[in-house]
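Comments concern the structure below.
The chains referred to below are lettered A, B, ... by the order of the sequence lines, with proteins before strands, and numbering in each begins at 1.
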Amino acid sequence: MTTTDCSACLEISGLNTYFFTGDGIIKAVRDLDLRVPAATTVALVGESGCGKSITALSVLRLVPEPGRVVAGEIMFNGEDLLKLPQLEMRRIRGNRIAMIFQDPMTALNPVLTIGAQIDEVLALHRALTGEQARQRGIAILEQVGIPRPAQRYDDYPHQLSGGMRQRVVIAMALACDPAVLIADEPTTALDVTIQAQIMALLAQQQRQRRMATILISHDLGVVAQNAAIVAIMYNGMIVEIAPVATIFAAAQHPYTRQLLDCIPKPGQRRQRLLQRSNDKHQTEQFSAPFAARGEHIPPMQQVADGHCVRRWS
Amino acid sequence: MVPLLQTEKLCKSFRVKNRYRSVGAALLPAVVDVDLTIARGRTLGLVGESGCGKSTLGKTIMGLLQPDSGRVTFDGTTISGLSARQMRPFRQQMQMVFQDPYASLNPRLTVFATLAEPFKIHTNLGAAAIADKVMELLDCVGLTAQHARRYPHEFSGGQRQRIGIARALALTPRLIIADEPVSALDLSIQAQIINLMQDLQQRFNLTYLFISHDLCVVEHLCDEIAVMYLGRIVEQAPVDDFFRQPLHPYGEMLLQALPLADPTIRQRNIARGEVPSALQPPAGCPFHPRCPYASAICAEQLPPLTAASAIRRVACHHAGQLNLDGITTAG
């Protein structure tokens with residue numbers, strides 16, 4: 001967004017990902033532009049189905065059938081990821097660009113020890129095997145705060161608590177020192193005290209490794225505390241993007257404001273009703289300005305340095 | 001005035017069978033010595049991390065689970081230990097709203113059939129009268145008559161939760177136990193359901209037991225808060241007092257772990273450790289292994305839940321000496 005920053009580690013421009021279903025085309029991601037500079041956390045925020053996760057999967061070229069990236073370019077290290085051959089992409093996936101998924105129980109293989117799963121990553125991308133891989137694996141487990149990593153290395157996922165499992169998933173993602181980390185709702189499945197621990201761990205690792213991070217979340221609290229830049233998504237589009245302080249203090253898009261008004265904040269008196277409450281047909285109302293204008297999507301307009309908004313009116 | 005709901009020394013444990021050995025079923029104490037009181041028309045928020053026994057407590061109060069010991073009193077009548085037949089009149093007066101709006105509605109019944117069922121079971125109204133009642137209910141929760149003929153799969157999560165609430169309201173209950181009713185919903189839908197619950201409370205003078213792990217929602221909706229840890233209530237206080245200054249170190253840990261939706265406030269993060277297994281709860285105070293203020297006595301003696309003031313209770317040996325941080329609120 002800031003034109004002075006040219007060290008963007010990952011740059012997405014004009015991304016369109018559509019799903020070709022029997023009932024018609026679903027435009028999951030529309031005209032998405034996003035720069036993720038090194039050592040910066042960019043948050044993608046929005047409600048379920050707004051296209052956050054599909055954006056992340058598009059970057060990794062893992063969009064499930066019947067979805068397809070129909071246009072756009074994703075520049076990483078001077079290469080367009082969308083044009084790379086499958087084999088090259090495999091070299092990058094999990095190595096230079098890693099992903100942390102929401103549910104650690106489904107992200108881990110229940111019949112393999114956590115050590116074996118970290119080994120797999122190291123064998124594939126670093127050609128480490130045997131004792132070397134084990135030592136490296138234990139070192140990574142220690143870095144992510146797993147107590148007694150040498151013993152834990154031989155444990156199965158079911159022997160660990162939810163928080164520890166998520167630490168293992170993070171260890172796997174960090175095993176090859178990625179340049180870009182995509183964290184898709186990394187703490188949604190966790191309790192609040194564990195969530196705080198995991199987010200602190202991610203922040204610490206991100207600072208140390210200077211990773212470009214995409215944090216996908218619907219929790220504006222997590223975003224406020226962890227992101228530097230926030231992109232608000234609605235209906236497949238980024239409707240507003242700005243530095244975190246600006247989003248929370250001076251949001252311009254009506255959807256961003258409505259989203260912020262929905263958070264029950266500590267200290268807010270209970271008599272003060274939330275703004276989106278009273279309109280019964282809010283969904284219809286809200287999409288009306290989009291529907292009325294059909295397929296036309298207005299371009300992002302810059303309103304301040306690093307602050308862009310899509311305006312329909 | 002008699003409180004609407006009261007529990008005394010309520011205990012519930014489960015036998016956990018070892019799948020691979022036939023002997024040695026372990027006892028999991030899910031709810032231990034819980035004393036709670038909810039006054040008419042008030043909302044009590046029950047918070048705690050997963051596995052702390054919140055839902056078990058809710059189900060035990062409802063009579064869906066039989067307590068091992070202790071007593072549940074509803075409007076002055078002891079209801080724990082009643083037979084199913086004796087329980088019937090009370091079931092009309094206490095209803096439950098469940099967390100998962102996808103799993104708690106029968107997929108084979110239309111909304112009309114779901115909402116008509118309570119009337120068929122508990123009243124002798126005729127078909128026309130029931131139809132009127134159902135339409136009235138739909139209107140209460142912001143749905144329309146055309147929704148009545150549809151099946152649950154045709155609705156969004158928020159709409160399904162509205163149906164769940166309508167079903168709970170059908171027989172004009174006095175107490176509603178809501179078990180994480182908004183946890184599965186998106187933020188804006190969450191706000192709608194919270195508002196709906198507030199409106200309905202005023203309109204029908206309902207009393208809520210609101211079970212949640214989300215402190216912000218509890219703060220918004222509840223008058224009082226009870227914090228549970230490993231099956232016990234460790235603190236109970238009016239919501240505002242608790243947020244200003246918790247008395248139990250666990251209360252402080254929960255508040256400090258909250259990610260505040262305000263990038264200008266960076267909070268101190270003191271959460272450490274994880275909840276121990278309820279199968280082997282620590283000796284002494286169950287919280288002492290994670291507590292930054294623990295001393296020798298905490299590892300040995302269980303602190304009782306005692307009155308800290310006329311309106312607050314806390315179970316901590318050091319409650320008097322600690323000066324814990326709440327959340328200073330802006331606006």
Side-chain angles (χ1 to χ4, degrees), chain A residues 45-50 161-164 187 189-197 199-200 217-228 230 243-249 255 258-283 286, chain B residues 43 48-52 142-144 156-158 185-192 194-196 198-199 213-223 239-240 243 250 253-267 269-275 277 290 326-331:
Chain A
V45 181
E47 298 177 73
S48 331
C50 74
S161 66
M164 285 299 150
T187 57
L190 305 174
D191 270 316
V192 63
T193 61
I194 308 302
Q195 165 172 290
Q197 293 171 8
M199 288 317 300
S217 183
H218 68 274
D219 185 335
L220 286 161
V222 168
V223 168
Q225 294 294 324
N226 294 284
V230 180
V244 65
T246 313
I247 285 284
F248 283 87
Y255 179 66
Q258 290 186 348
L259 212 53
L260 289 169
D261 283 332
C262 289
I263 319 169
K265 298 168 199 71
Q268 188 185 47
R269 284 315 310 137
R270 58 195 306 249
Q271 279 78 12
R272 223 168 82 187
L273 282 174
L274 302 153
Q275 209 177 314
R276 284 185 89 179
S277 62
N278 290 335
D279 34 333
K280 274 182 188 170
H281 310 289
Q282 58 100 358
T283 332
F286 197 77
Chain B
T43 303
E49 291 176 86
S50 6
C52 75
L143 297 172
T144 59
S156 67
L185 306 175
D186 262 324
L187 209 54
S188 59
I189 312 297
Q190 201 170 348
Q192 293 174 15
I194 290 170
N195 282 307
L196 174 66
Q198 280 179 332
D199 296 346
H213 67 274
D214 187 337
L215 282 164
C216 289
V217 173
V218 167
E219 203 260 2
H220 193 80
L221 190 69
C222 300
D223 304 299
V239 159
D240 292 344
F243 272 74
Y250 182 56
M253 182 185 274
L254 286 178
L255 287 178
Q256 294 299 323
L258 273 187
L260 289 185
D262 183 346
T264 58
I265 306 173
R266 289 270 171 238
Q267 67 239 76
N269 175 12
I270 58 159
R272 58 176 198 182
E274 298 190 353
V275 184
S277 160
R290 297 176 81 190
I327 291 184
T328 37
T329 49

Minimum heavy-atom distance B:P263-A:A245, with the two atoms named: CG-CA, 4.0 Å
Quick one, B:P259 and A:Q195 - any side-chain contact, counting heavy atoms below 4.5 Å? yes
Only counting residues at least two apart or in another chain, list the ones meeting side chain to side chain donor-acceptor pair (under 3.5 Å) with A:S217. none
Let me confirm one number: the [atom1]-[atom2] distance from [X] to [Y], rounded to the nearest 0.5 Å.
| X | Y | atom1 | atom2 | result |
| --- | --- | --- | --- | --- |
| A:T193 | B:R290 | OG1 | CZ | 4.0 Å |
| A:L220 | B:D262 | CG | CG | 11.5 Å |
| A:F248 | B:L260 | CZ | CG | 10.5 Å |

Taken in chain and number order and not counting sequence neighbours, the residues that satisfy side chain to side chain contact (heavy atoms under 4.5 Å, CB included) with A:S161 are A:M164, B:E274
Relative to chain B, which of A:A249, A:G49, A:G221 shows the most heavy atom pairs under 4.5 Å? A:G221
Toward chain A, the part of B:S50 with a non-hydrogen atom under 4.5 Å: both
